[in-house]
Amino acid sequence: MADNTAQKTSPSYRLAALDPDFILGDSTRGTRFMLEYQKAEDSLRARGIASTIVVFGSARVREGNPWYEAARAFARLASERGGALAQAGNEHRHVIATGGGPGIMEAANRGATEAGALSIGLNITLPHEQEPNAWSTPDLTFRFHYFAMRKMHFAMRAAALVAFPGGFGTLDELFEVMTLVQTAKMPPVPIVLYDSAFWKSLVNFDTLREAGFIRPEDLSLFAFADTPDEAYARIVAGAGDAWEPAAKDSVQT
């Protein structure tokens with residue numbers, strides 16, 4: 001019998017699903033994008049995560065920083081008061097969700113864990129070293145390659161968003177959600193900007209209104225808060241009479 005080693009060891013002979021050169025190639029980018037959606041979605045559904053409170057903020061602050069400690073305290077009280085410790089049937093509501101990294105993200109995951117609640121970490125692969133923090137629930141800690149898919153998972157279950165001071169990434173994530181709400185691609189959710197002095201010095205929202213680039217009512221899309229208790233109160237007030245989660249698949253895709 002002729003030797004068929006060359007045929008069996010050729011890259012073309014690999015099963016498509018087990019061929020890293022094929023799976024990681026340019027033509028399968030759409031497939032990888034879909035898989036990043038599906039893997040996290042399956043895990044979140046299996047855990048019964050019905051809604052989240054998303055916390056954004058700088059990765060560069062450390063324990064002891066006032067913003068770090070505020071995010072930690074907020075996540076703890078929001079987990080205790082918001083229902084994350086309870087389970088309605090197979091559903092967990094208002095679970096803290098962060099980018100899964102250090103800084104404000106670590107603080108929020110830590111506060112939720114200290115309350116005894118689940119918390120989600122949506123980490124991202126970056127050119128420089130990036131690892132998940134040690135406080136997100138292990139089986140609710142995910143790693144993404146695509147920022148767009150990561151942001152979609154942030155938005156899909158968001159019942160509220162709290163943005164602590166941060167850099168370009170924080171601004172990107174904040175204005176993504178603001179745009180989705182402004183354009184009715186997702187239903188209104190409470191958006192809270194923590195540390196009013198920081199945000200008002202960073203962005204002059206009134207300038208956008210005065211220039212006619214946003215409507216006057218767009219300024220009501222968000223509120224400011226300066227303490228963890230005030231941030232949670234803003235969420236409850238913004239959500240209306242019933243502090244209920246947004247519909248799970250509310251983002252139109």
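Every value quoted in this text rests on a predicted model; they were computed, and no experiment measured them. Only this structure's heavy atoms are used, side chains among them; waters, hydrogens and symmetry mates stay out.
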Let me check something: do [X] and [Y] share a hydrophobic cluster, defined by ILVMFWY side-chain heavy atoms less than 4.5 Å apart, either directly or through other members?
| X | Y | answer |
| --- | --- | --- |
| Leu174 | Val54 | yes |
| Val203 | Phe224 | yes |
| Val95 | Trp135 | no |
| Val55 | Phe147 | yes |
| Phe168 | Tyr146 | no |

Derivation and outcome, side chain to side chain contact (heavy atoms under 4.5 Å, CB included), residues Val162 and Arg234: CA-CA 10 Å; Val162 180; Arg234 294 289 192 188; over 6 Å; no
With a 4.5 Å limit on heavy-atom distance, are the side chains of Met186 and Val177 in contact?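 Yes, close enough: below the 4.5 Å cut-off.
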Which atom of [X] lies closest to which atom of [Y], heavy atoms considered:
| X | Y | answer |
| --- | --- | --- |
| Pro20 | Arg14 | CD-NH1, 4.5 Å |
| Ala71 | Phe164 | CA-CZ, 3.4 Å |
| Leu77 | Tyr232 | CD1-CB, 3.4 Å |
| Thr113 | Ser119 | OG1-OG, 4.1 Å |
| Ala155 | Leu180 | CB-CD1, 4.0 Å |
| Phe205 | Ile214 | O-CD1, 4.0 Å |

Distance, nearest 0.5 Å, that separates [atom1] of [X] from [atom2] of [Y]:
| X | Y | atom1 | atom2 | value |
| --- | --- | --- | --- | --- |
| Leu140 | Leu122 | CG | CG | 9.5 Å |
| Leu171 | Leu202 | CG | CG | 5.5 Å |
| Ser12 | Asp21 | OG | CG | 11.5 Å |
| Asp226 | Trp199 | CG | CH2 | 13.0 Å |
| Asp218 | Leu208 | CG | CG | 9.5 Å |
| His94 | Ile49 | NE2 | CD1 | 12.0 Å |

Between [X] and [Y] (side chain of the first, backbone of the second, donor and acceptor by atom type, cut-off under 3.5 Å), is there such a pair?
| X | Y | answer |
| --- | --- | --- |
| Glu69 | Gly64 | yes |
| Thr137 | Ile120 | no |
| Thr52 | Arg157 | yes |
| Thr179 | Phe175 | yes |
| Asn123 | Phe144 | no |
| Asn133 | Ser136 | yes |
| Arg62 | Ala59 | yes |
| Arg143 | Thr125 | no |
| Asn4 | Gln7 | no |
| Thr28 | Ile23 | yes |

Less than 3.5 Å apart, any donor N or O on the side chain of Asp229 or Thr227 sitting next to an acceptor on the other?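 No, Thr227 and Asp229 have no side-chain donor paired with an acceptor closer than 3.5 Å.
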Could you tell me if Tyr194 and Glu230 have a donor-acceptor pair between their side chains, going purely by distance under 3.5 Å?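 Absent: no donor and acceptor within the cut-off.
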Only one of Leu161, Val236, Ile235, Ile53 clears side-chain contact (heavy atoms from CB on, under 4.5 Å) with Pro190; which?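 So, applying the side-chain contact (heavy atoms from CB on, under 4.5 Å) to Pro190 and each of Leu161, Val236, Ile235, Ile53, only Ile235 qualifies.
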Is [X] salt-bridged to [Y], going by a charged N under 4.0 Å from an acidic O?
| X | Y | value |
| --- | --- | --- |
| Glu176 | Arg150 | no |
| Arg32 | Glu36 | no |
| Asp206 | Arg209 | yes |
| Asp42 | Lys39 | no |

Below 30° counts as parallel, above 60° as perpendicular, anything between as tilted: where do the rings of His153 and Tyr37 land?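 Ring orientation of His153 relative to Tyr37: parallel.
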Using the six-membered ring wherever Trp is involved, compare the ring planes of Trp67 and Phe198 and label them parallel, tilted or perpendicular (cut-offs 30° and 60°).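 Rings of Trp67 and Phe198: perpendicular, over 60°.
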With clusters built from Ile, Leu, Val, Met, Phe, Trp and Tyr whose side-chain heavy atoms come within less than 4.5 Å, directly or transitively, what are the remaining members of the cluster of Leu15, listed by chain and number?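 Under the 4.5 Å side-chain rule, Leu15 groups with Leu18.
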Residue list, salt bridge (Lys or Arg N to Asp or Glu O under 4.0 Å) with Glu114, at least two apart or on another chain: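 Checked Glu114 against salt bridge (Lys or Arg N to Asp or Glu O under 4.0 Å); matches are Arg72, Arg110.
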Show the numbers, then the answer: is there a ring pair (Phe, Tyr, Trp, His ring centres under 6.0 Å) between Phe154 and Phe56? CA-CA 10 Å; Phe154 273 130; Phe56 294 145; 5.1 Å; yes
Keeping to residues at least two apart or across chains, list the ring-ring contact (aromatic ring centres under 6.0 Å, His included) pairs with something in residues 11-30.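 Every pair satisfying ring-ring contact (aromatic ring centres under 6.0 Å, His included) with a residue in residues 11-30: there are none.
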